[in-house]
Amino acid sequence: MSRRLGYDGVVLASPVTIPYERFSTRGAHWFLGRAMRALVETSGLDKAAIDGLCATSFSLAPDTAIGVTEHLGLSPRWLDYVPLGGASGMIALRRAARAVQTGDAEIVACVAADTNQTDSFRRSTAAFSQFAQDAVYPYGSGGPNASFALLTDHYMRTFGARPEDFGKVCVAQRRNSLDFPHALFRSELTLEQYLNSPLIADPIRLYDCVMPCAGAEAFLVMREETARTQGLPHVYLLGAIERHNAFADDPIQERGGWAADRDDLFAQAGIGPGEIDFLQAYDDYPVIIFLQLEDLGFCGKGEARAFVQDNDLTNAGSFPVNTSGGQLSVGQAGAAGGYLGLVEAIRQLSGQAVGGVVPDARYGLVSGFGMINYDRGLSTGAAVLAA
Amino acid sequence: MSMSDHGPSPKRRNPVLPPRRPTLPPVARTRHALGLSAAAAIGEFALQECRECGAVQYPPREACRSCLSDMLTWRPDNGAGTLLASTVVRRPYELYFREHAPWPTGLVRLDCGVSVVAFLHRACPEAEGRVRVRAYLDRAGRAVLVALPEQEVPDMSEDPLLKAFGNAPKGRNVLVTDGRSDLGQAMALAALKAGAETVWVGVSDPWKAPPGFKALEETPGITVLSLDVTEGQSVETLAGQIGGKVDILINTAEFHRTHSALSRRGVETARAEMDVNYFGLLRLGQAFGPAMCSRAAEKPKNAVAWVNVLSVFALANYPQQGTFSASKAAALSLAQCLRAEFRSSGLRVLNVFPGPVDEDWNQLELPPKLAPAKLASAIVRALEDGIEDLYPDPIARDWHERWRADPKVLEMELTA
């Protein structure tokens with residue numbers, strides 16, 4: 001396999017969040033519009049200076065990214081559409097970074113937005129994919145709760161993880177969200193409350209599930225000189241990977257594509273897992289955090305339970321995870337959930353945190369996971385960012 | 001017992017409560033996935049297989065995931081596998097599933113190398129126990145997979161899942177539309193034996209006292225009622241009496257002569273065949289169908305199934321019984337229409353395609369011939385299994401196999 005080029009000189013700036021709402025009467029275009037406006041305002045750039053657009057949404061139909069250009073009066077010379085759920089942020093970032101490196105675009109806006117209307121989650125779950133429609137949804141229509149319940153059940157049986165191990169992650173993330181102004185959940189969660197919460201799809205409990213909501217996340221990708229000229233606080237992209245449909249012959253998912261590519265990631269970044277100051281992991285549902293801890297090399301296979309118990313995962317702790325509270329506490333604004341950790345990592349590493357701060361953070365790892373097309377998540381991605 | 005006595009009155013729903021509107025599991029499937037449902041309709045579990053490289057795959061696709069061939073076919077699978085993980089869906093999104101929650105489901109690794117999401121019979125072992133997967137039609141008439149314990153267990157069929165997917169006569173009110181024939185009488189007895197609460201049997205011209213009629217009339221649990229499917233008024237009258245209580249209607253009414261098109265001049269016999277076999281079904285459908293549909297979600301008892309005793313000659317004309325074949329082909333076409341119209345309620349249609357039944361009008365047919373009692377018990381089993389098309393005997397299965405392979409070749413074989 002040929003060696004990947006690095007991402008030298010590519011930076012990320014202008015982290016933007018459009019506050020989340022449980023339900024909204026607005027469409028995805030409204031949230032995309034607000035996010036673009038926020039990017040323009042925080043960056044001080046002219047709208048026309050943004051010459052690349054990567055849009056992510058599950059609720060844009062019948063439009064795709066092209067409809068967004070006319071809707072918002074943009075005329076980019078580079079356009080992409082990445083509706084890949086929880087992996088969208090990683091993949092949008094990689095593509096935008098390459099566009100900037102090659103000069104196909106000067107400044108790329110990566111924007112993820114989804115609306116959430118009553119009953120829209122059921123409808124999107126029913127028609128999420130052909131395989132889901134044919135071979136998952138007719139089995140009780142439990143949606144992602146049921147799919148992740150099977151993966152969680154298998155993981156617990158195989159590696160001995162217990163509900164309190166998953167609970168510790170949920171409780172720590174809730175602690176982190178108490179300081180985060182955009183979080184929908186901002187009251188303390190105790191382990192006891194977690195363990196006493198009702199079963200939704202055994203062994204998945206209420207507090208293992210994210211709450212679908214409406215909202216948007218966005219950031220800009222540009223060359224370092226551009227950011228300096230604009231006076232924009234920015235972070236560096238040291239390495240990034242993506243993988244789709246990895247380990248298709250595994251009878252059930254107990255590892256993600258990160259395991260295939262993590263050596264590349266750290267080689268590209270020039271650092272190891274031990275130097276990472278915080279992890280923004282995809283957290284719908286807690287078992288997936290366990291897979292990321294293992295497959296990204298923070299611990300061995302099956303050891304995430306011990307890792308979680310040995311570490312304090314709060315922002316002031318030994319290994320901060322999901323410093324804004326993650327989707328579990330902030331909410332899941334559709335595919336924008338795949339940008340949440342990335343936008344938060346840019347904030348943390350560029351001195352723009354709006355909630356709790358990880359002290360002296362130098363390196364952050366952001367990870368994405370998405371698209372349960374049938375019985376497993378198909379898309380994984382990760383990126384190492386540096387202050 | 002007089003003809004106007006309708007027998008013991010079944011339990012009624014509380015009239016103060018609003019009627020329960022039918023809800024259904026999701027019906028949408030891609031075209032290439034419907035092969036699974038088509039196999040389940042005849043009680044088979046089949047998986048997609050590549051004709052070029054032999055790879056088996058699930059969910060169904062439009063290309064082989066191994067060699068990218070589009071030469072895909074369906075092959076039966078024994079369903080043997082290992083349960084890898086299980087869950088209980090307690091908060092479904094769809095109304096139908098909400099109303100019947102919780103739903104035990106799991107992921108099964110079949111021995112042939114594919115992982116399938118399946119419902120779990122409550123006697124299934126824990127993961128990583130051995131199970132066997134079968135395909136059932138759900139209330140929407142679409143295939144779903146169910147993992148069963150590897151060995152039979154007592155009260156296997158009492159599992160809530162199998163009860164929901166099946167249409168068992170047990171505890172239900174059954175109407176057999178014609179009790180004059182051997183099959184009609186055997187059907188009434190078989191339904192009773194299967195635990196039906198009430199069995200009504202229609203008989204036209206009871207004064208003719210057909211053979212076996214008296215014994216039928218005296219059987220406890222069976223009530224004989226006047227019904228002539230060629231008379232609209234007769235059908236409407238009976239529907240007015242019991243139409244709101246029938247849970248399973250089994251149409252055994254049949255006019256059977258053995259003529260080709262040219263062996264008898266005139267259309268009287270053919271018209272009589274059409275009048276019973278086709279128009280009789282249409283009259284029954286119009287009189288009983290809407291009320292049964294409206295009761296498809298009722299509690300404590302609901303209407304579940306409509307059975308048509310057709311003939312395998314409905315698939316392709318058997319010239320020795322040419323006009324009879326034509327009338328059964330017409331009935332089959334109408335039965336498909338009824339199935340489509342009943343679909344949204346969850347009321348299921350079972351079409352039965354027997355080969356020659358051992359009865360007087362088939363005197364000149366060579367054996368094997370299907371004994372009426374065997375046909376009746378096969379129908380009961382088909383109801384319990386919730387299948388949609390029944391080929392109950394070797395001749396029927398042989399015809400069906402030829403027809404499936406190539407209907408034109410079958411026609412040529414029959415007219416040789």
Is it the backbone or the side chain of [X] that comes under 4.5 Å from a heavy atom of chain A, or both, or neither?
X      : answer
B:V116 : both
B:P104 : neither
B:L34  : neither

TODO: Identify the heavy atoms of B:V89 and A:A146 that sit nearest to each other, and give their distance.
DONE: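 Looking at all heavy atoms of both residues, the shortest contact is CG2-CB, 3.8 Å.
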Open item on the list: Let's test your reading of the structure: which of B:V88, B:L36, B:V114 forms the most heavy-atom pairs below 4.5 Å with chain A?
Closed with: B:V88
- [ ] State the CD1-CG distance between A:I252 and B:L84, to the nearest 0.5 angstrom.
- [x]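 Atom-to-atom, A:I252:CD1 and B:L84:CG are 5.5 Å apart.
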Would you enumerate the inter-chain donor-acceptor pairs between chain B and chain A whose distance is below 3.5 Å?
residue : atom : partner : partner atom : Å
B:T30   : N    : A:D134  : OD1          : 2.8
B:T30   : OG1  : A:D134  : OD1          : 3.4
B:T30   : OG1  : A:D134  : OD2          : 2.4
B:H32   : NE2  : A:Q130  : OE1          : 3.1
B:S86   : N    : A:D153  : OD2          : 2.9
B:T87   : OG1  : A:A201  : O            : 3.3
B:T87   : OG1  : A:D202  : N            : 3.2
B:T87   : OG1  : A:D202  : O            : 2.5
B:V88   : O    : A:D202  : N            : 3.4
B:R90   : N    : A:I200  : O            : 2.9
B:R90   : NE   : A:D202  : OD1          : 2.6
B:R90   : NE   : A:D202  : OD2          : 3.4
B:R90   : NH2  : A:D202  : OD1          : 3.3
B:R90   : NH2  : A:D202  : OD2          : 2.6
B:Y93   : N    : A:S141  : O            : 3.1
B:Y93   : N    : A:S141  : OG           : 3.2
B:E94   : N    : A:S141  : OG           : 3.0
B:E94   : OE2  : A:R122  : NH1          : 2.7
B:E94   : OE2  : A:Y137  : OH           : 2.4
B:S115  : O    : A:Y374  : OH           : 2.8
B:S115  : OG   : A:P251  : O            : 2.6
B:V117  : N    : A:Y374  : OH           : 3.0
B:L145  : N    : A:Y139  : OH           : 2.8

- [ ] Give me the one residue out of B:V27, B:V117, B:L145, B:V144 that meets side-chain contact (heavy atoms from CB on, under 4.5 Å) with A:P138.
- [x] B:V144
Open item on the list: Taking every non-hydrogen pair under 4.5 Å, which of A:G140, A:G142, A:A201, A:A135 racks up the most with chain B?
Closed with: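 Heavy-atom pair counts peak at A:G140.
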